[in-house]
Structure formats: structure tokens, C-alpha cells
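Report on one structure; see the data block that follows.
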Amino acid sequence: MRAIRKWFQQHPESMHTLVMLYGPDQEPISYTQACDLPEVTSKVSDFYRSQAWLELRYKALNQYGNSCACCGRGLENGATLHVDHIKPRSRYPELELKLDNLQVLCDQCNIGKSNKSEKQWR
């Protein structure tokens, strides 16, 4: 839905274009403008706003330090620190709130790592 909405926004001249969305075992749904699309909510942001995550994140920062476990950059070097799931939430949801599955990485190392690696740097 986000991609379709973005396409409509980037092509305002396409006001009368018909976009058909097909799903398995469903009748196709048609849309002619971005405002017709249903709102998409993100489970990811809900998790990262939860009290359980915020408390665990604070514990991880206290326990594992205030610099990147991979490259060593810290706040004094202008790094933005992330608390990374060593084993990614997308594949190991049962570990999302386990302190021993967390490490502190700078934004660049964490984004580069993505969910493709399970390397533990700490």
C-alpha cells in the first residue's frame, strides 16, 4: 500500500489511472487515487514505542556501553546509537525482549547489518 500511495503522490497527473491490487483467493481491488487507499499501520513502530522495549533498551545501553560494539564510534564522535537485535526480530520474534540478544551499534553499522547478519560484536 505504501508503494502504491507513493506512486500516486509522485504522479499527480495520473488522477484517472486505475490501479488494481490482486491477492491470493481474493477479488481484485481497484484504486484511482491515493486517498482511496487504506491506512497502513506499522507493528514495528508499536514495538519500539512499547514500555517493555524502552525499559530493556535503557538496560542494554547501561550494560553494554555508549559506543558502537562494531566500530567503536560513540556520541563524542557524532554517532547516533542504536540498540540492535543480534538475532533479528523478523526471524526470532521470541528473542525480541531478551537482553542477551541485544548490542549497541552506531546507526551506520546497524543499518549496514540490517537483518542479514547475526554477528555478535560485543
Side-chain angles (χ1 to χ4, degrees):
M1 289 299 163
R2 287 187 183 112
I4 296 170
R5 182 180 311 280
K6 186 175 180 179
W7 185 88
F8 272 125
Q9 290 168 346
Q10 291 175 345
H11 298 88
E13 73 283 355
S14 64
M15 195 139 174
H16 299 289
T17 300
L18 182 66
V19 174
M20 302 291 289
L21 183 64
Y22 295 86
D25 302 320
Q26 289 182 320
E27 291 294 317
I29 304 169
S30 61
Y31 301 100
T32 56
Q33 50 191 340
C35 65
D36 293 339
L37 297 169
E39 287 298 318
V40 178
T41 59
S42 173
K43 290 186 219 175
V44 172
S45 64
D46 291 344
F47 171 78
Y48 288 112
R49 289 186 182 121
S50 73
Q51 190 64 33
W53 168 250
L54 294 173
E55 289 174 8
L56 186 63
R57 180 183 183 281
Y58 182 81
K59 286 180 187 176
L61 288 166
N62 277 328
Q63 183 164 332
Y64 301 131
N66 59 358
S67 61
C68 178
C70 179
C71 74
R73 290 177 55 228
L75 299 174
E76 66 279 357
N77 306 106
T80 299
L81 297 177
H82 292 190
V83 175
D84 170 60
H85 288 89
I86 298 165
K87 293 187 177 201
R89 289 181 59 228
S90 58
R91 293 192 300 230
Y92 303 92
E94 69 277 10
L95 300 177
E96 68 185 8
L97 291 173
K98 301 290 184 189
L99 183 61
D100 61 352
N101 186 43
L102 301 178
Q103 60 189 348
V104 177
L105 297 179
C106 71
D107 55 344
Q108 292 177 359
C109 289
N110 189 34
I111 292 167
K113 173 187 175 278
S114 185
N115 66 349
K116 311 282 187 282
S117 171
E118 295 177 19
K119 171 89 172 164
Q120 179 176 319
W121 291 98
R122 55 176 174 78

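As a basis for the values below, the full set of heavy atoms in this structure was taken, side chains included, without hydrogen atoms, waters or symmetry mates.
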Fill in: Which residues share a salt bridge (Lys or Arg N to Asp or Glu O under 4.0 Å) with Glu55, sequence neighbours left out
none
Discussion item. Could you check whether Arg57 makes a cation-pi contact with Tyr48, meaning its NZ or CZ is under 6.0 Å from the centre of the six-membered ring and within 45° of the ring axis?
Written reply: no
Worksheet item: Just by modelled atom types, is the Glu96 backbone N or O under 3.5 Å from a matching donor or acceptor in the His85 side chain?
Response: yes
Solution key, residues 63-78 side-chain donor-acceptor pairs under 3.5 Å, sequence neighbours excluded:
from  : atom 1 : to     : atom 2 : distance (Å)
Tyr64 : OH     : Leu99  : O      : 3.2
Arg73 : NH1    : Gln108 : OE1    : 3.3
Asn77 : OD1    : Gly74  : N      : 3.1

Discussion item. Ignoring hydrogens, what is the shortest heavy-atom contact between Lys113 and Gln103? Give both atom names and the distance.
Written reply: CE-NE2, 4.0 Å
Worksheet item: How far does CD1 of Ile86 sit from CG of Leu102, to the nearest 0.5 angstrom?
Response: 7.0 Å
Fill in: From Leu56 atom CG to Leu61 atom CG, the distance as rounded to the nearest 0.5 Å
10.0 Å
Item to complete: Only counting residues at least two apart or in another chain, list the ones meeting salt bridge (Lys or Arg N to Asp or Glu O under 4.0 Å) with Lys87.
Response: none
Practice prompt. Any chance you could measure Asp84, atom CG, to Arg89, atom CZ, to the nearest 0.5 Å?
Written response: 12.0 Å
Discussion item. So does Ile111 get a backbone contact from the side chain of Ser114, meaning a donor-acceptor N/O pair under 3.5 Å?
Written reply: no
Fill in: For Cys106 against Leu81, the heavy-atom pair lying closest together
CA-CD2, 4.2 Å
Discussion item. For Glu27, is the CD atom crowded, meaning more than 12 foreign heavy atoms sit under 6.0 Å from it?
Written reply: no
